[in-house]
Amino acid sequence: MKSVTYMSTSRIAGDEAATTAAISQLLEGARKFNSSSGISGVLLFTAHTFLQVLEGPAAEIAGLFERIQRDKRHTNVLVLDYRSIETRDFADWSMAYAKLDEPPHFLTQARSHTPDHDKLIRDLQQLLLRNDSSSG
Amino acid sequence: MSTQSQGDFAELLPLLRRLPAAFAVYKCDGTLVIESDEMRQLRAHLTKAQAASLLSLAKSQEDNLTALDLGSLGFARVLRHGEQDLRLLIVDYNSPDRHITAFANRHVLIEKARITNKFAIILCAFDRLDTVLETFGPATRDELRFAAAERLADAVPNHLIARLSENEFALLLRTEKNLGAAALGTGQDLLELMTRPFMLRDEIFTIGCSVGLAVSNAEDHDPETILRYAALALFNARRAGMNQLRIFDPTLDFYARERHEIERDLSRAIALGQFQIAYQPQFRSDDLKAASAEALIRWHHPIYGEVRPGRFIPLSEESGFIAKIGEWMVKQACMEAAKWPTKISVAINVSSVELRNPSLLTNLAQALERSGLEPERLELELTENVLLDQGTQTFAMLKALRDMGVKLVLDDFGTGFSSLSYLRSFRFDKVKIDQSFIRHMGDSVEASAVLQAVLGLCGELGIPVCAEGVETKEQLLELQARGCDFVQGYHLGYPMSADDLVKLWSS
């Protein structure tokens, strides 16, 4: 199995309602696809920035990653981590979602300093446990 | 290419030379017409069986694209070229079952553009694949290239894409409204999309991408022209650095742009070591022993290749840069000549602009001193127009040069405003008669008469004469018979590097 973590800048335009609608549409598509392809992961959205972790079989991850690269709803993609894994960090979620008004510390620095991967995963997991909106 | 019915094969050559693939052209009977350097190298590595298969592929009557697998050397394909029945053999690394080759070719792009009133061409080139090749090998490089081509095709499903070379793609945009804005938007999107990461097996890759675009208009709508414009824009994008987009600027055409670039690059050419000197030997006509060598400047431009002096000297005269070039020439030529095993002279051309510059004297003195070249081995070739301006300044300069001990040669004599009386106005050490008289001395009474007059007068004054542009044995015999002292020309020796010149003498 593979795990990939990337961040990108949202290109979704419009007010908050429009953004929320666009993101729930995005999530719906992702969850449907992921559960049928054995992919799990998390999507964090804050201050126009996406942070996503995807984990699953190598071929499926590669296919999905390329699909995401061709998506025009975001730009400025930066891969923070890509590795082989034995166990999943987000096994329970086909695509957990967390929305934050204030970007967390590990994200604001990520473009200049590649964050420690294990710490980033732990932060995300804690965030999901605290965050009521996470589901999937 | 097989569908191309008109046009000379020669037109294809520039395109072929841009192919990253090795290529060769055969006649239908299997005789080789032309082959690229890469093909020559590649053929040296073929087994006998592979070489035989390659030849039978080239002679094949079938008009299909069956590829011949040459193992690690790649795949060979044959394309038949129109009515002349020439076969173009291409060897590259693309496996035939990869649909990367399913892109349209340049010909299709041009033809589609030709039937469209308004169109834009967007050129998209992938960069940095070589780094991938160095680090991960050709298989990964090809896989990445394939992934990039697929992403590109997917990004613009409604537009025609032609593959011009391994890493270069051309997009044809045929929207009716706001073509320029649409092309710019598409180009920017592509640039952004192609520079996003790629995931291949265990690695994440990013490639560089450059985009150049050009839009047709009422005056310019020839597809070849627009494609050329787009290529210029791409060239500028690449020059600007990684991941840039440039639009062709229609106010400058190709030559203006080239001129602009040559002018700009000229000022850095010395520092970058792009100038070299070629030496054309001059011989005594009686025993054909080497007497001197004329230093001729050569400029190897990184993009335009060998730029003719006829192109950059006038530009450097306009900008005043000629002084720097002249200074470099004098230093370099003196240094090289001082190392020659035989004590023959070196001749340098001095323009009238340089002659008016007092620093010429200091430059010469410095060059002679530093190189240790004896002054009498340095010949300065001056064209006769320096004598047009018969002011005291010119004569003072000529006299100062004479006092340094260098030799003064009157160059290109007989052209322009020449008058035999010039020969009396200043005592030159040698006169070079212009090559046009040598070329025509056999068929023009006039040329023959001028030659005879110059030889006669110089003989009386005791000034040796050199004939330039001797290209045939007949000309040489004639000049020997007429008592011309020195000869120079292709029949006797082409301009060559200092090393080759030394070899020529030692052989």
Side-chain angles (χ1 to χ4, degrees), chain A residues 1-13 26 29-30 33-34 37-41 43 48-86 110-112 114-115 117 120, chain B residues 98-100 122 124 126 128-129 131-132 135-136 139-159 161 169 171 181-209 211 242-245:
Chain A
M1 280 194 302
K2 295 280 185 191
S3 154
V4 62
T5 306
Y6 75 87
M7 64 188 292
S8 63
T9 308
S10 170
R11 258 182 169 176
I12 297 167
L26 185 155
F33 178 85
N34 291 358
S37 332
I39 292 173
S40 52
L43 177 70
H48 296 289
T49 303
F50 291 111
L51 177 81
Q52 188 165 36
V53 182
L54 297 165
E55 48 192 27
E60 276 73 13
I61 289 290
L64 177 57
F65 183 80
E66 180 59 25
R67 251 179 52 162
I68 291 170
Q69 296 320 307
R70 296 180 192 183
D71 199 318
K72 291 178 181 172
R73 287 175 291 188
H74 67 161
T75 180
N76 222 355
V77 181
L78 178 70
V79 175
L80 299 176
D81 185 81
Y82 177 49
R83 64 175 67 196
S84 296
I85 51 165
E86 297 289 324
R111 281 207 183 265
S112 47
T114 307
H117 186 65
L120 184 142
Chain B
R98 286 206 158 169
H99 57 285
I100 192 164
I122 305 178
C124 182
F126 305 151
R128 248 178 17 204
L129 285 159
T131 351
V132 176
T135 323
F136 297 94
T140 308
R141 191 262 323 259
D142 290 352
E143 214 173 308
L144 182 56
R145 181 185 280 152
F146 182 58
E150 269 202 322
R151 187 184 285 178
L152 179 71
D154 180 70
V156 281
N158 302 320
H159 301 299
I161 308 179
F169 296 81
L171 230 85
L184 181 59
T186 308
Q188 281 166 339
D189 280 354
L190 281 181
L191 185 61
E192 198 272 324
L193 214 58
M194 299 315 299
T195 49
R196 290 192 195 175
F198 290 90
M199 180 185 282
L200 294 182
R201 291 190 227 113
D202 294 334
E203 299 289 338
I204 299 287
F205 296 92
T206 47
I207 61 169
C209 181
V211 174
M242 198 62 84
N243 305 337
Q244 298 287 320
L245 177 146

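Proteins get letters first, then strands, A, B, ... in listed order; numbering begins at 1 in each. Computed from a prediction, not measured in an experiment: that's the story for all the values here.
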Considering all heavy atoms, the nearest [X]-[Y] contact:
X: B/D189; Y: A/R11; result: OD1-NH2, 3.9 Å
X: B/R196; Y: A/T75; result: NH2-CA, 3.8 Å
X: B/F198; Y: A/F65; result: C-CE2, 4.1 Å
X: A/N76; Y: B/E192; result: N-OE2, 3.3 Å
X: B/D202; Y: A/Y82; result: C-CE2, 3.4 Å
X: B/L193; Y: A/R70; result: CD1-CA, 4.1 Å

Sort [X] into side chain, backbone, both or neither according to what part of it lies under 4.5 angstrom from a heavy atom of chain B.
X: A/R67; value: neither
X: A/A62; value: both
X: A/I68; value: backbone
X: A/L78; value: neither

Query raised in the report: How far does CD1 of B/I204 sit from OH of A/Y6, to the nearest 0.5 angstrom?
Result: 11.5 Å
Query raised in the report: Looking at CD of B/E150 and CD of A/E66, how far apart are the two atoms once the value is rounded to the nearest 0.5 Å?
Result: 7.5 Å
